[in-house]
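Values below: all heavy atoms of this structure, side chains included; hydrogens, waters and symmetry mates excluded. Chain naming here is simple, since letters A, B, ... match the order of the sequence lines and numbering starts at 1 in each.
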Protein chains: 2
Amino acid sequence: MKIGELAKLSGLSAHTLRFYEKQGLIQASARSESNYRVYSQGDLATAKFIKRSREMGFSLEEVEVFLSIRADKPAHVCREAKDIAQLKITDVQQKIDDLQQVLVALHKLSDACCGGNESAEFCSIIEALEDGEGLSLAHSTQTHVLAKEQQA
Amino acid sequence: MKIGELAKLSGLSAHTLRFYEKQGLIQASARSESNYRVYSQGDLATAKFIKRSREMGFSLEEVEVFLSIRADKPAHVCREAKDIAQLKITDVQQKIDDLQQVLVALHKLSDACCGGNESAEFCSIIEALEDGEGLSLAHSTQTHVLAKEQQA
DNA sequence: CTTGACCCTAGAGTATACTCTAAGGTCTAA
DNA sequence: TTAGACCTTAGAGTATACTCTAGGGTCAAG
């Protein structure tokens, strides 16, 4: 199959597939006479493997490791895969904890405000951000919990 | 005070303060003869305001709105501030929900694996990523929940 | 009068993962 | 034969928020 079909079947875009190829994650098993990428069922499996890994929150770098384990399983041990998964779990748990603290602080901020068409002269949100009272965010490992996610 | 002192007192770096100035968030109230930025107590309050807002998860764009409300409160209403806070709450809650789903899937993935020095030939992590069974991630509003955060 | 700590600017670099563009070639069906 | 859908490449652009560099000026202490 050509890249368009692989894209459809894998759920990744053709652009993304070419990008992954550049990153060394997946290669077309052949090229047609006209230099089109030709993919096999195995390539489809690989594409899906990558997609699933990404959905689980693994970075491309981590996916690369999984792929190399997958490519030669006898040469690797379970620990290698589990270590990555465990680190990711810790990471995700930390993010959740941080976000939960932010959420509590946000609720405090928001709940105190009437939210109406009243002048903001005494808006409790602005006031709270000004004096910082009652908004304590226990310091987590990540200073700017959300900073890294605001590209959504 | 000069930028170094403001940095110390506000907890923002001098670099960041200059960056925020470029973004129009904060201005030095004056310049010295040698063209050094000179900040007032009010500027310190503004710097802290920005820092607190960032810690609450607001983007620079959102902080800008807060600052403009703060700069002329009578010209604004509470709703403007509360709307931003509410949107952020929804946003954060969504992120938490998504991460929680990822966490559950990650646990499933990891718990099934022995994690030992056994050959990865039958590693359940790799297998699960291959066939995608039992890893269902209900589709949330954000396809790649973690994709945006992996710059941590 | 020199050292070291500070300050200035404009602009480039960092992180991650795409996403798109330009300029062109290929293929299929009407 | 021509439109339209597909494919190719290299490389630039996008998002956000910094973070750093180069090259230079300022200032107080010893």
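Listed nucleotides: C/dC8, D/dC27, C/dA17. Nearest to the side chain of B/S34: D/dC27. Listed nucleotides D/dC7, D/dC18, C/dC8 differ in distance to B/Y36; the shortest reach to its side chain belongs to C/dC8. The side chain of A/R37 approaches D/dT9 more closely than any other nucleotide in the set C/dC7, D/dT9, D/dC18. Distances from the side chain of A/R18 to the nucleotides D/dT8, D/dC18, D/dA17 place D/dT8 closest. Of the candidates D/dT19, C/dC18, C/dT19, C/dT19 carries the atom nearest the A/H15 side chain, counting heavy atoms from C-beta on.
Side-chain contact, A/Q93 with A/D97: a donor N or O sits under 3.5 Å from an acceptor N or O. The closest side-chain donor-acceptor pair between B/Q94 and B/D98 falls under 3.5 angstrom.
For the pair A/F19 CZ and C/dT21 P, the interatomic distance rounds to 17 Å; values are reported in whole Å. Between A/L60 atom CG and C/dA15 atom C1' the separation is 13 Å, expressed in whole Å. In this structure, B/I3 atom CD1 and C/dC8 atom C1' are separated by 10 Å, rounded to whole Å. For the pair B/E55 CD and D/dC18 P, the interatomic distance rounds to 11 Å; values are reported in whole Å. Atom pair B/K2:NZ and C/dC8:C1' shows a separation of 12 Å (rounding to whole Å applied). Remark: C1' of C/dC8 and CG of B/L17 are 15 Å apart, rounded to the nearest angstrom. Across the protein-nucleic acid pair, B/K22 atom NZ and C/dT9 atom P stand 10 Å apart, rounded to whole Å. What separates OH of B/Y39 from P of C/dC6 is a distance of 16 Å, to the nearest Å.
Using a 4.0 Å cut-off, some side-chain N or O of A/R31 falls inside it from OP1 or OP2 of D/dT9.
For A/E61, the CD atom is loosely surrounded, since the number of other residues' heavy atoms within 6.0 Å does not exceed 12.
The nearest pair of heavy atoms linking B/R31 to B/V38 is C-CG2, 4.0 Å. Of all heavy-atom pairs between A/A28 and A/R37, the closest is CB-CB, 3.7 Å.
Nearest-nucleotide assignment on DNA chain C puts the 5′-proximal partner with A/S13, out of A/E33 and A/S13.
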